[in-house]
Amino acid sequence: MIHIDQKSYTTQDGNIVIVLTPSGRLDITTAWQFRLKLQECISKLSRHVVVNLGQVNFIDSSGLTSLVAGMRDADKVKGSFRICNVHPEAKLVFEVTMMDTVFEIFETEEEALEGVPRSIAS
């Protein structure tokens, strides 16, 4: 079971952004739960999602797959999908798989949230 903290944030132009902060391992045993959570948030709450990975110290290919799926869901509804605060131990996985070039990755949650309205405008 993975614990996922969820909060919503309203940007200056009135868009709601959901911030999800999973903690623990994002691997084959937990990735499906996280995937469902992303789907639910994007379909019911907001098409704009920020995933804070500061509490995830391990991520494997199924974890990455759940993130890619979330990004695709957000793309389908013209939303945005951002990742921030990648745990140092998980960062390597993003670099080795070149996923750091696929996702929009920010250092901090604040930066990821500030960036959201710009992607809508473009």
Side-chain angles (χ1 to χ4, degrees):
M1 184 72 193
I2 190 168
H3 177 75
I4 305 164
D5 185 58
Q6 176 184 332
K7 58 185 190 220
S8 63
Y9 174 90
T10 307
T11 61
Q12 285 171 333
D13 52 3
N15 283 298
I16 291 178
V17 182
I18 302 295
V19 179
L20 293 178
T21 309
S23 50
R25 295 166 66 93
L26 199 48
D27 60 19
I28 193 144
T29 57
T30 57
W32 62 275
Q33 292 170 313
F34 187 59
R35 168 85 187 97
L36 288 174
K37 185 74 172 167
L38 282 171
Q39 259 179 326
E40 184 192 347
C41 286
I42 292 165
S43 63
K44 298 191 176 123
L45 303 173
S46 172
R47 56 197 181 139
H48 303 293
V49 175
V50 170
V51 178
N52 184 328
L53 290 179
Q55 304 296 315
V56 174
N57 59 357
F58 179 85
I59 189 163
D60 71 1
S61 59
S62 29
L64 284 176
T65 304
S66 67
L67 290 168
V68 170
M71 181 174 66
R72 288 202 183 121
D73 286 349
D75 280 348
K76 274 182 215 150
V77 292
K78 306 270 187 286
S80 61
F81 186 87
R82 289 160 181 233
I83 292 173
C84 67
N85 198 14
V86 180
H87 193 286
E89 287 172 41
K91 214 172 224 153
L92 189 63
V93 178
F94 282 89
E95 288 163 6
V96 170
T97 56
M98 303 289 283
M99 281 295 171
D100 55 343
T101 61
V102 174
F103 294 113
E104 281 189 89
I105 300 179
F106 295 80
E107 284 297 307
T108 66
E109 196 173 292
E110 290 71 30
E111 283 173 37
L113 288 166
E114 277 167 26
V116 172
R118 279 202 299 279
S119 73
I120 297 162
S122 64

> Would Ile105 and Met99 satisfy side chain to side chain contact (heavy atoms under 4.5 Å, CB included), going step by step from the backbone distance to the final call?
Replying inline: CA-CA 10 Å; Ile105 300 179; Met99 281 295 171; over 6 Å; no
> Under the side chain to side chain donor-acceptor pair (under 3.5 Å) rule, what pairs show up with a residue in residues 51-68, not counting sequence neighbours?
Replying inline: Asn52-Asn85, Asn52-Glu109, Asp60-Ser62
> Near Leu45 CG, under 6.0 Å, is it more than 12 heavy atoms from other residues, nucleotides or ligands?
Replying inline: yes
> For the residue pair Ala74 and Ile42, what are the closest heavy atoms and their distance?
Replying inline: N-CD1, 4.0 Å
>> Using 0.5 Å steps for rounding, measure from the CD1 atom of Ile2 to the OG1 atom of Thr29.
In response: 8.0 Å
>> Using the rule given for side chain to side chain contact (heavy atoms under 4.5 Å, CB included), can you reason through Leu67 versus Phe94, listing the C-alpha separation, both sets of side-chain angles and the distance that settles it, and then say yes or no?
In response: CA-CA 11 Å; Leu67 290 168; Phe94 282 89; 3.8 Å; yes
> CD1 of Ile4 to CG of Leu36: how many Å apart, nearest 0.5 Å?
Replying inline: 9.0 Å
>> Using 0.5 Å steps for rounding, measure from the OG1 atom of Thr30 to the CZ atom of Arg25.
In response: 8.0 Å
> Are Asp75 and Arg72 ion-paired here, with the side-chain N under 4.0 Å from a carboxylate O?
Replying inline: no
> Under 30°, 30 to 60°, or over 60°: which ring-plane class applies to Phe103 and Phe81, parallel, tilted or perpendicular?
Replying inline: tilted
> Under 3.5 Å, is there a donor-acceptor pair between the side chain of His48 and the main chain of Ser80?
Replying inline: yes
>> For residues Leu53 and Phe58: do they belong to one hydrophobic cluster (side chain heavy atoms under 4.5 Å, members Ile, Leu, Val, Met, Phe, Trp, Tyr)?
In response: no
> Okay, side chain of Glu111, backbone of Phe106: is any donor-acceptor separation there less than 3.5 Å?
Replying inline: no
> Hey, what else clusters with Leu92 if you join Ile, Leu, Val, Met, Phe, Trp, Tyr whenever side-chain heavy atoms sit under 4.5 Å?
Replying inline: Val96
> Does anything in residues 86-100 pair up under side chain to side chain donor-acceptor pair (under 3.5 Å), and if so which pairs, sequence neighbours excluded?
Replying inline: none
> Taking side chain as C-beta onward, heavy atoms only, is Val49 less than 4.5 Å from Lys37?
Replying inline: no
> Counting N and O atoms only, with roles assigned by atom type, does the side chain of Ser46 sit under 3.5 Å from a partner on the main chain of Ile18, one being a donor and the other an acceptor?
Replying inline: no
>> On a heavy-atom basis, which atom in Arg35 and which in Gly70 lie closest, and how many Å separate them?
In response: NH1-N, 4.2 Å
> Would Val93 and Val102 show up in the same hydrophobic cluster when neighbours are defined by side-chain heavy atoms closer than 4.5 Å?
Replying inline: yes
> How about Val51 and Leu38: do any of their side-chain heavy atoms sit closer than 4.5 Å?
Replying inline: yes
> For the atom pair NE2 (His3) and CD (Gln33), what is the distance rounded to the nearest 0.5 Å?
Replying inline: 12.0 Å
> Taking atom OG1 of Thr108 and atom CG of Leu113, what is their separation to the nearest 0.5 Å?
Replying inline: 8.5 Å
> Hey, are the side chains of Tyr9 and Val50 touching, using non-hydrogen atoms and a 4.5 Å cut-off?
Replying inline: no
